*Asks:* 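One structure, as structure tokens, below. Some questions next.
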Amino acid sequence: MARLAQTAGLTDIQQEILSTVRDFVDKEIIPVATELEHRDEYPQAIVDGLKELGLFGLMIPKEYGGLGESLLTYALCVEEIARGWMSVSGIINTHFIVAYMLKQHGTQEQKDHFLPRMAAGDIRGAFSMSEPGLGSDVSAITSKAVKDGEEYVLNGQKMWLTNGGTSSLVAVLVRSDEGHPEGTAPHKSMTTFLVEKEPGFGEVRPGLTIPGKIDKMGYKGVDTTELIMDGLRIPANRVLGGETGRGFYQMMDGVEVGRVNVAARGCGVAQRAFELGVQYAQQRHTFGKPIAQHQAIQFKLAEMATKVEAAHAMMVNAARKKDSGERNDLEAGMAKYLASEYCKEVVEDAFRIHGGYGFSKEYEIERLYREAPMLLIGEGTAEIQKMIIGRRLLEEYRFQG
């Protein structure tokens, strides 16, 4: 886009990074995305290219071999990548969340051990909270860790792991009642474990099985899996931060920045849908003129562009708030909620502009139409975002009468 979704106040370095990523998306992702998506094929060549660009270490501090960039820089890169193919942004997102959690909460030994190899892209991260019967109720986690000497034994079934197969490090949230008496609030008896494994499917280490890819409506290419722990033994030094009972807070911190990421993905997909819609509207003729000259289509384009701009502005605001060191759960929740809803609407309007051709797999908008719904539920549903937003608003506007 030449004019929509521009970001004021970027440094020369940020602009250079974004320009490089945008060129990569235009040349290496967009031309092959639909074909790879239809085959549900992991985009290895694209991932290798992102590795060469250093994007797996974008927010990892320079002392660990990363670029040491801000959340805003990362979110704007994700926006560009999702504009090309949302699945690729998902491959980076879970890696980024695990690296962020390590940077913020890991012990020095854990940071030294993992972050340099994560920055190089040699270790790929995934994280796991959800379970088959869990949904958004994280407090209902049943997977459990029991202390056994200098190790913990983990048992349980996890669900919806992005990069579950291709990752080599998974941050897993489970119950750990050790040191937490009966009656302790559920969120105070959860622990995050750093689980190293071999990439692939089947038994990837003793006691840990990745059954295979889940077949999905959209969001293809990237692997989404289950994770089954049956007597999985993890050394005590792989408790994130070295202290049990902190897992819920660590995961929520990661999800908070993840919501900015999902908002950025929604912005990128909406931008691409607008591009496709406005281009097609100028090429397709009805009643003797391009359909872009019909007022009904102009109204659609106006609404679509406005939504793209609004979502982008809220996403940038949420990222900058987090970068400033301030609490941003309100802004991140608003950005994720608005961007995902607007993305769905912009994609649908672009689909309508394409008419019958939008229903054809030959047209890119068909892929976007199947991808957009994932953003409505990823990193918390719209209903969860509204609960977060409502509670925070009541904190900020507490009635003093």
Side-chain angles (χ1 to χ4, degrees), residues 1-30 46-47 49-86 88-100 102-104 115-116 118-121 254 256-272 274-275 308-326 328 331-332 334-336 338-339 343:
M1 294 302 304
R3 306 211 35 196
L4 288 184
Q6 299 299 296
T7 309
L10 298 181
T11 65
D12 291 342
I13 293 176
Q14 288 175 313
Q15 291 174 353
E16 183 178 345
I17 291 172
L18 286 175
S19 177
T20 301
V21 172
R22 189 177 299 118
D23 287 344
F24 182 85
V25 169
D26 288 339
K27 294 175 183 176
E28 306 295 335
I29 298 182
I30 290 177
I46 293 173
V47 171
L50 295 175
K51 180 179 175 180
E52 289 182 18
L53 292 178
L55 287 192
F56 284 99
L58 191 61
M59 279 190 67
I60 293 175
K62 292 181 180 179
E63 63 194 276
Y64 299 107
L67 298 179
E69 272 296 330
S70 64
L71 177 60
L72 175 61
T73 306
Y74 176 78
L76 293 175
C77 287
V78 166
E79 183 179 37
E80 291 291 344
I81 293 169
R83 175 181 154 266
W85 184 13
M86 193 181 73
V88 179
S89 64
I91 291 170
I92 297 174
N93 180 44
T94 54
H95 176 89
F96 149 72
I97 290 177
V98 176
Y100 174 84
L102 273 162
K103 181 184 74 170
Q104 295 296 108
L115 287 181
M118 294 187 79
E256 192 172 285
V257 291
R259 285 177 178 143
V260 176
N261 174 286
V262 173
R265 285 197 250 178
C267 292
V269 174
Q271 284 182 48
R272 185 59 181 163
F274 175 81
E275 290 176 4
V308 168
E309 281 286 283
H312 176 83
M314 291 199 73
M315 179 271 291
V316 168
N317 180 56
R320 282 181 162 150
K321 192 78 177 285
K322 187 72 172 179
D323 283 333
S324 72
E326 297 181 67
N328 86 327
E331 291 78 10
M334 285 181 167
K336 192 276 175 183
L338 191 81
C343 174

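Bear in mind that the values here come from a model prediction, so they are computed numbers and not experimental data.
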*Asks:* Applying ring pair (Phe, Tyr, Trp, His ring centres under 6.0 Å), which residue pairs with at least one partner in residues 58-79 are found, sequence neighbours left out?
*Replies:* Tyr74-Phe96
*Asks:* Passes side-chain contact (heavy atoms from CB on, under 4.5 Å), Ile81 versus Phe24? Steps please.
*Replies:* CA-CA 9 Å; Ile81 293 169; Phe24 182 85; over 6 Å; no
*Asks:* Just verifying a value: how many Å separate Cys343 SG and Gln271 CD, rounded to the nearest 0.5 Å?
*Replies:* 10.5 Å
*Asks:* Between Cys77 and Leu18, is the side-chain contact (heavy atoms from CB on, under 4.5 Å) condition met? List the steps.
*Replies:* CA-CA 6 Å; Cys77 287; Leu18 286 175; 4.0 Å; yes
*Asks:* Does Arg265 have any salt bridge (Lys or Arg N to Asp or Glu O under 4.0 Å) partners at least two apart in sequence or in another chain, and if so, which?
*Replies:* none
*Asks:* To check you understand the geometry: which heavy-atom pair defines the closest contact between Ala263 and Ala339, and what is its length?
*Replies:* O-CB, 3.5 Å
*Asks:* State which residues pass side chain to side chain donor-acceptor pair (under 3.5 Å) with Ser89; sequence neighbours excluded, sorted by chain then number.
*Replies:* none
*Asks:* Got a sec, which residues hit side chain to side chain contact (heavy atoms under 4.5 Å, CB included) with Ala318, two or more places apart in sequence or on another chain?
*Replies:* Val260, Asn328, Glu331, Ala335
*Asks:* Scan for salt bridge (Lys or Arg N to Asp or Glu O under 4.0 Å) pairs involving residues 49-76, sequence neighbours excluded, and state none if there are none.
*Replies:* Lys51-Asp122
*Asks:* Under 4.5 Å between any side-chain heavy atoms of Ile91 and Leu50, yes or no?
*Replies:* no
*Asks:* Give a yes or no on whether Gln15 atom CD has more than 12 heavy-atom contacts from other residues, nucleotides or ligands under 6.0 Å away.
*Replies:* yes
*Asks:* Picking from Val88, Ile30, Thr20, what satisfies side chain to side chain contact (heavy atoms under 4.5 Å, CB included) with Val25?
*Replies:* Ile30
*Asks:* Return the set of residues passing salt bridge (Lys or Arg N to Asp or Glu O under 4.0 Å) with Asp26 (not counting sequence neighbours), or none when no residue passes.
*Replies:* Arg83
*Asks:* Considering residues at least two apart in sequence or located in another chain, which fulfil the side chain to side chain contact (heavy atoms under 4.5 Å, CB included) criterion with Ser324?
*Replies:* Glu326
*Asks:* Out of curiosity, Leu72 CG to Lys321 NZ, how far, rounded to the nearest 0.5 Å?
*Replies:* 14.5 Å
*Asks:* Is there a side-chain contact between Arg320 and Thr7, using heavy atoms and a 4.5 Å cut-off?
*Replies:* yes
*Asks:* Answer yes or no: is there a donor N or O on one side and an acceptor on the other, between the side chain of Asn93 and the main chain of Asn261, under 3.5 Å?
*Replies:* no
*Asks:* In the structure I gave you, are the side-chain heavy atoms of Val257 and Met59 within less than 4.5 Å of one another anywhere?
*Replies:* no
*Asks:* State which residues pass ring pair (Phe, Tyr, Trp, His ring centres under 6.0 Å) with His312; sequence neighbours excluded, sorted by chain then number.
*Replies:* none
*Asks:* Out of curiosity, Glu80 CD to Leu55 CG, how far, rounded to the nearest 0.5 Å?
*Replies:* 11.5 Å
*Asks:* Side chains of Leu10 and Leu76, heavy atoms from C-beta outward: is any pair under 4.5 Å?
*Replies:* yes
*Asks:* Enter the distance from Ile46:CD1 to Ile29:CD1 here, rounded to the nearest 0.5 Å.
*Replies:* 5.0 Å
*Asks:* Walk me through it: do Asn317 and Met334 pass the test side-chain contact (heavy atoms from CB on, under 4.5 Å)?
*Replies:* CA-CA 10 Å; Asn317 180 56; Met334 285 181 167; over 6 Å; no
*Asks:* Apply salt bridge (Lys or Arg N to Asp or Glu O under 4.0 Å) to Glu256 and list each qualifying residue two or more places apart in sequence or on a separate chain.
*Replies:* Lys322
*Asks:* Report yes or no: does Gln6 contribute a side-chain atom to a donor-acceptor pair with the main-chain N or O of Leu4 at less than 3.5 Å?
*Replies:* yes
